[in-house]
Amino acid sequence: LLGFEKNGTPDPSFGSGGIVTLEPPAGKTLDPTDVAIDPAGRILISGTASTIGAPHGTGLLGEGVPSPSRAVVLRLLPDGAPDPAFGSNGIVETTFGFPTPPVVGGTIAEGSYPEPSAEALSIAADATGHPIVTGSWAAALSSCYPASPILITKAFVARFGLSGNLETVSTAPPIDPARRGVSLIPAGGERVLFQGDQSEPCPRGGPFNELSSLALLSSSGTAEPSFAAATLSYGGVPRAALDNRGRPVVSGWREIGFESPIRTAVTRLRTNGTLDSSFGQDGVAMLSERTQPPSFVQKAQPVAIDASNRPIIGGGLASLAGFSLTRLTARGALDTRFGSNGIAAIGFSAAAAAEVDTLIVNGAGKLIAAGKLKLRNSPEAPAIAIARYVPGS
């Protein structure tokens with residue numbers, strides 16, 4: 001973890017010279033997946049731990065699938081030190097009481113899987129400071145093709161107490177039918193906006209577009225009746241944010257047709273989960289091809305919302321090898337008062353390509369973009385860049 005001062009220099013009060021190194025549990029690997037800040041300024045991190053050398057599942061002919069994993073939640077104090085009041089010296093490992101996945105159907109009926117498995121993919125803190133985590137758990141060992149075992153996963157949402165005890169875990173609709181929970185966004189009080197990935201475990205070909213779901217959940221993980229769970233069609237998993245009226249805004253790439261270029265689509269929903277027809281065309285605004293992600297990293301473009309409910313979408317410009325930010329009006333049109341005709345760009349001389357991965361609007365209204373650079377001289381060793389922008393009019 002890297003901590004910075006407001007002027008972009010390393011924060012000497014954070015870890016050692018602005019850097020905190022996360023140590024994995026003994027004998028395990030650790031894959032951090034997300035970070036959040038709770039109301040007390042403590043740092044929450046979700047991740048997945050796997051035991052080194054642990055047995056994995058096998059199919060009929062002995063083919064392996066990934067070893068079982070455990071969801072991990074870490075809490076650090078604002079200075080980066082482990083919080084001794086949370087879990088075991090700041091860390092909790094769990095599989096949430098899920099069962100060992102059974103082997104089901106097809107040609108791998110003689111296969112096996114050794115124990116329960118779960119992964120944590122996103123974390124948020126509600127207004128009371130409770131960590132809320134989403135991810136996936138292994139529901140079955142199955143196969144797409146003869147003698148080709150895969151794990152069939154389902155999504156979950158779990159809420160922890162302030163000391164790290166597990167309070168609730170839910171897999172019920174509208175969390176189901178998502179295969180993975182990929183994002184949680186605080187939605188006021190103890191509510192969160194859940195985003196799930198419904199992509200099929202055994203795709204049959206056809207368009208790249210897949211289903212992504214959104215649901216507003218209470219502290220117990222149940223659906224809020226005021227919001228009808230929404231299902232959107234995107235290529236891969238899109239990114240979501242909430243504006244200051246509680247309306248979800250979703251950004252991601254969409255395949256228009258096999259002969260057409262991939263375009264970024266921005267969708268806005270009403271607070272009840274239906275498409276907001278006052279935004280773009282029937283709730284959807286399509287971005288210019290100029291702001292498409294470069295070929296080396298085709299993924300959903302992050303979205304942030306400013307105080308005037310204008311969406312800002314992060315991307316990359318292949319021609320400049322740099323970051324791009326596109327701002328739309330609150331009605332979904334390109335905001336020509338922002339940057340150059342709606343697009344602000346910054347290039348990096350040492351980069352062959354660049355892409356915004358994270359985008360936020362800070363308390364002063366400035367935009368902070370962070371992402372990966374593909375360096376000209378070291379293409380296999382990407383660097384990280386952080387840029388801050390003045391919002392303009």
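The analysis underlying the following values was restricted to heavy atoms, covering all of them including side chains, and did not include hydrogens, waters or symmetry mates.
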Counting C-beta onward and ignoring hydrogens, is there a side-chain heavy-atom pair between [X] and [Y] closer than 4.5 Å?
X: Leu287; Y: Ile313; value: yes
X: Leu76; Y: Val20; value: yes
X: Val157; Y: Leu217; value: yes
X: Arg310; Y: Leu328; value: no
X: Phe86; Y: Val92; value: yes
X: Thr168; Y: Phe96; value: no

With a 3.5 Å cut-off and no angle check, do the side chains of [X] and [Y] form a donor-acceptor pair?
X: Thr134; Y: Ser122; answer: no
X: Ser251; Y: Tyr234; answer: no
X: Thr171; Y: Asp176; answer: no
X: Gln301; Y: Thr264; answer: yes
X: Thr128; Y: Asp126; answer: yes
X: Ser136; Y: Glu119; answer: yes

Return the minimal non-hydrogen interatomic distance between [X] and [Y], and the atom names on each side.
X: Ile305; Y: Asn309; result: CG2-CA, 3.6 Å
X: Thr48; Y: Ala118; result: CG2-O, 4.1 Å
X: Gly316; Y: Ser324; result: N-OG, 3.3 Å
X: Ser226; Y: Leu216; result: OG-CD2, 4.4 Å
X: Pro248; Y: Phe227; result: CG-CE1, 3.9 Å
X: Pro116; Y: Pro68; result: O-CB, 3.7 Å

Do [X] side-chain atoms and [Y] backbone N/O form a donor-acceptor pair below 3.5 Å?
X: Arg268; Y: Gly332; result: no
X: Arg75; Y: Asn89; result: no
X: Ser218; Y: Glu224; result: no
X: Asn244; Y: Ala307; result: yes
X: Thr267; Y: Val284; result: no
X: Ser212; Y: Gly196; result: yes
X: Gln195; Y: Pro238; result: yes
X: Arg42; Y: Leu77; result: no

Are any of the side-chain nitrogens in [X] or [Y] under 4.0 Å away from the carboxylate oxygens of its partner?
X: Asp243; Y: Arg245; result: no
X: Arg247; Y: Asp276; result: yes
X: Lys28; Y: Glu93; result: yes

*Let me see the working for Arg179 and Asp197 under salt bridge (Lys or Arg N to Asp or Glu O under 4.0 Å), right down to the final yes or no.*
CA-CA 6 Å; Arg179 301 289 182 182; Asp197 173 20; over 6 Å; no

Ignoring hydrogens and angles, write down the donor-acceptor pairs under 3.5 Å from the side chains of residues 181-191, residues two or more places apart or on other chains.
unit_1, atom_1, unit_2, atom_2, d
Glu190, OE1, Ser219, OG, 3.3
Glu190, OE2, Arg159, NH2, 3.2
Arg191, NH2, Ala187, O, 2.9

*Tell me, with the steps shown, if Val303 and Val250 meet side-chain contact (heavy atoms from CB on, under 4.5 Å).*
CA-CA 7 Å; Val303 59; Val250 183; over 6 Å; no

_Ile37 and Ile43: CA distance, side-chain angles, deciding distance, side-chain contact (heavy atoms from CB on, under 4.5 Å) verdict_ = CA-CA 5 Å; Ile37 309 296; Ile43 303 163; 3.8 Å; yes

*How long is the gap from CD1 on Ile19 to CG on Leu1, to the nearest 0.5 Å?*
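That separation rounds to 10.0 Å.
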
*Are Thr95 and Trp137 close enough, and set up right, to give a side-chain contact (heavy atoms from CB on, under 4.5 Å), and what steps lead you there?*
CA-CA 8 Å; Thr95 54; Trp137 61 284; over 6 Å; no

_Please determine whether side-chain hydrogen bond (donor to acceptor under 3.5 Å, both in side chains) holds for the pair Ser277 and Arg270, giving the CA-CA distance in whole Å, both sets of side-chain angles, and the decisive distance to 0.1 Å._
CA-CA 9 Å; Ser277 59; Arg270 298 187 180 95; 3.2 Å; yes

*Please report the C-alpha distance between Ile384 and Asp357 in whole Å, then the side-chain angles of each, then the deciding distance to 0.1 Å, and finally whether the side-chain contact (heavy atoms from CB on, under 4.5 Å) criterion is met.*
CA-CA 10 Å; Ile384 295 172; Asp357 180 69; over 6 Å; no

*Pairs touching residues 345-392 that satisfy ring-ring contact (aromatic ring centres under 6.0 Å, His included), sequence neighbours left out*: Phe323-Phe348

*Steps toward side-chain hydrogen bond (donor to acceptor under 3.5 Å, both in side chains) verdict (Ser308, Asp306)*: CA-CA 5 Å; Ser308 299; Asp306 69 11; 4.5 Å; no

